[in-house]
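Below: the structure, in structure tokens.
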2 protein chains.
Amino acid sequence: MEEKDIKRAGLKITQPRLKILELLSTAPDRHMSAEEIYRRLLSNDEDIGLATVYRVLTQFEAAGLITRHHFEGTQAVFEISSEDHHDHMVCSKTGRVVEFFDEVIEQRQQAIAAAHGFKISGHSLILYGEFTQKADES
Amino acid sequence: MEEKDIKRAGLKITQPRLKILELLSTAPDRHMSAEEIYRRLLSNDEDIGLATVYRVLTQFEAAGLITRHHFEGTQAVFEISSEDHHDHMVCSKTGRVVEFFDEVIEQRQQAIAAAHGFKISGHSLILYGEFTQKADES
DNA sequence: ATGTATGCAAAACATTTGCACCTGG
DNA sequence: CCAGGTGCAAATGTTTTGCATACAT
């Protein structure tokens, strides 16, 4: 049930917002660019403009509903915010994204920041490479 | 001595290339955007176009001479490649960049990748926040 | 000389914004 | 009904590219 989330953000429940949230919720690997979302909406015969996709994504991000990532390449990708923080592994070949979390890394980051008199407000850790096994869709 | 580096990359020794390399070598915090480099060249009365700055930076990056980073915000920043890998701490207020390296984090990354059948070709770790002490220039 | 580099202007992208019309509550 | 939302086209900001000229070797 996503309507509540949209309402809680102080936004009206509109078709574009519902559709975009639904797309992101059901996307295979949970990470999509604005263009990808736009194209998928088009093929679903939704009449939604690219500008609206960007506006909605920006609003959702401001509301904490989704998170914006800047992986390699030019365009940003978005994912539904999950309760728990995690980092990413991105396959340079297929674009596949896998999430991971490591307590030791998190702790080390804090320790390093403290040692430098730095107060962390956020961080980005991305591993680029390739999956040496199968499982590709993209 | 930088000429050798340019030559080794298979590029001719030209004024723009020398000047840009020199700027990056002597920059206070070693991290500059293409625009910053361009503006500083202008104020040094160098007659170099922005397009050339971008072209040279891209060539230097391809040659491994410099590294391109995508910190918060829109434009990429560049730094002279150092022998030893390091990650970054970026001050959201002043833009100040501090480098760090942590063996434990590096090892954990490898372990995590291995556990996922992932071969790392590169990674990006950036801490965003603020320095709680003094020392700001920007 | 001669293949590379460069400067300039125009193009290419990703993203944002202005504005008149539409729509949800 | 009416503030907020949307589509479209135009604007923006960053980076790239085409092309004629200039330079390094």
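Chain letters run A, B, ... following the sequence lines, proteins first and then strands; every chain starts at 1. Reckoned from all heavy atoms, side chains included, excluding hydrogens, waters and symmetry mates.
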**Request:** For the residue pair His70(A) and His70(B), establish whether any side-chain heavy-atom pair is separated by less than 4.5 Å.
**Result:** no
**Message:** Can you confirm whether Ile120(A) sits close enough to Glu106(A) that some side-chain heavy atom of one is under 4.5 Å from a side-chain heavy atom of the other?
**Reply:** no
**Prompt:** Linking I/L/V/M/F/W/Y whenever their side-chain heavy atoms sit closer than 4.5 Å, directly or via other members, would Ile13(A) and Ile20(A) fall into one cluster?
**Reply:** yes
**Message:** Taking Leu11(B) as the starting point, is it possible to reach Leu24(B) by hopping between hydrophobic residues whose side chains are less than 4.5 Å apart?
**Reply:** yes
**Message:** Across nucleotides 20-25 of chain D, 5' to 3', mark each nucleotide with B, S or - according to how protein heavy atoms within less than 4.0 Å reach it.
**Reply:** ----BS
**Prompt:** Taking for each residue the nucleotide of DNA chain D with the nearest heavy atom, is it Gly10(A) or Thr58(B) whose nucleotide lies nearer the 5' end?
**Reply:** Gly10(A)
**Request:** May I ask you to decide if Ser81(A)'s main-chain N or O and Thr67(A)'s side chain share a donor-acceptor pair within less than 3.5 Å?
**Result:** no
**Asked** Between Thr132(B) and Gly117(A), is there a donor-acceptor pair closer than 3.5 Å when you use the side chain of the first and the backbone of the second?
**Response** yes
**Message:** Tell me the interatomic distance from Leu57(A), atom CG, to dA14(C), atom P, rounded to whole angstroms.
**Reply:** 15 Å
**For DNA chain C, the residues among residues 66-80 of chain A that have a non-hydrogen atom under 4.0 Å from it** = Thr74(A), Gln75(A), Ala76(A)
**Request:** May I ask you to test the Phe131(A)-Val98(A) pair for a side-chain heavy-atom distance under 4.5 Å?
**Result:** yes
**Request:** Provide, to the nearest angstrom, the distance between the NZ atom belonging to Lys19(A) and the C1' atom belonging to dT23(C).
**Result:** 16 Å
**Message:** Between His123(A) and Gln110(A), do the side chains contain a donor N or O and an acceptor N or O under 3.5 Å apart?
**Reply:** no
**Asked** Rounding to a whole Å, what distance do you find between Leu50(A):CG and dA11(D):P?
**Response** 17 Å
**Message:** Let me check the geometry of the helix from dA1(C)-dT25(D) to dG25(C)-dC1(D). What is the bend angle between the axes at its two ends, five pairs each, to 10°?
**Reply:** 30°
Polar atom pairs (N or O), protein with nucleotides 17-20 of chain C, under 3.5 Å:
from	atom 1	to	atom 2	distance (Å)
dG18(C)	O6	Arg55(A)	NH1	3.2

**Request:** Could you tell me how the ring of His116(B) sits relative to the ring of Phe100(A): parallel (under 30°), tilted (30 to 60°) or perpendicular (over 60°)?
**Result:** tilted
**Message:** Please classify the nucleic acid contact of Ser33(B) as base, sugar-phosphate, or nothing, using heavy-atom distances under 4.0 Å.
**Reply:** nothing
**Item:** Set of residues satisfying salt bridge (Lys or Arg N to Asp or Glu O under 4.0 Å) with respect to Glu22(B), sequence neighbours excluded
**Value:** none
**Request:** Rounded off to whole Å, could you give me the CZ-to-P distance for the Arg17(B) and dG7(C) pair?
**Result:** 11 Å
**Message:** Please report the distance, rounded to the nearest Å, between CD1 in Ile48(A) and P in dT23(C).
**Reply:** 13 Å
**Asked** Below 4.0 angstrom, N of the basic side chain to O of the carboxylate: do Arg68(A) and Glu79(A) qualify?
**Response** no
**Asked** Separation of Tyr38(B) atom OH from dT6(C) atom P, in whole Å?
**Response** 14 Å
Which side-chain N or O atoms in residues 36-57 of chain B pair as donor and acceptor under 3.5 Å with protein atoms at least two apart or in another chain?
from	atom 1	to	atom 2	distance (Å)
Glu36(B)	OE1	Ser33(B)	N	2.9
Ser43(B)	OG	Arg39(B)	O	3.1
Ser43(B)	OG	Arg40(B)	O	3.0

**Asked** Could you state the CD-P distance from Gln59(A) to dT15(C), rounded to the nearest angstrom?
**Response** 16 Å
**Prompt:** Which of parallel (below 30°), tilted (30 to 60°) and perpendicular (above 60°) describes His69(B) and Phe71(B)?
**Reply:** parallel
**Residue from Leu125(A), Val97(A), Leu127(A) passing side-chain contact (heavy atoms from CB on, under 4.5 Å) with Met89(A)** = Leu127(A)
**Prompt:** Quick one: Glu3(A) CD to dG25(C) C1', roughly how many Å, whole number?
**Reply:** 13 Å
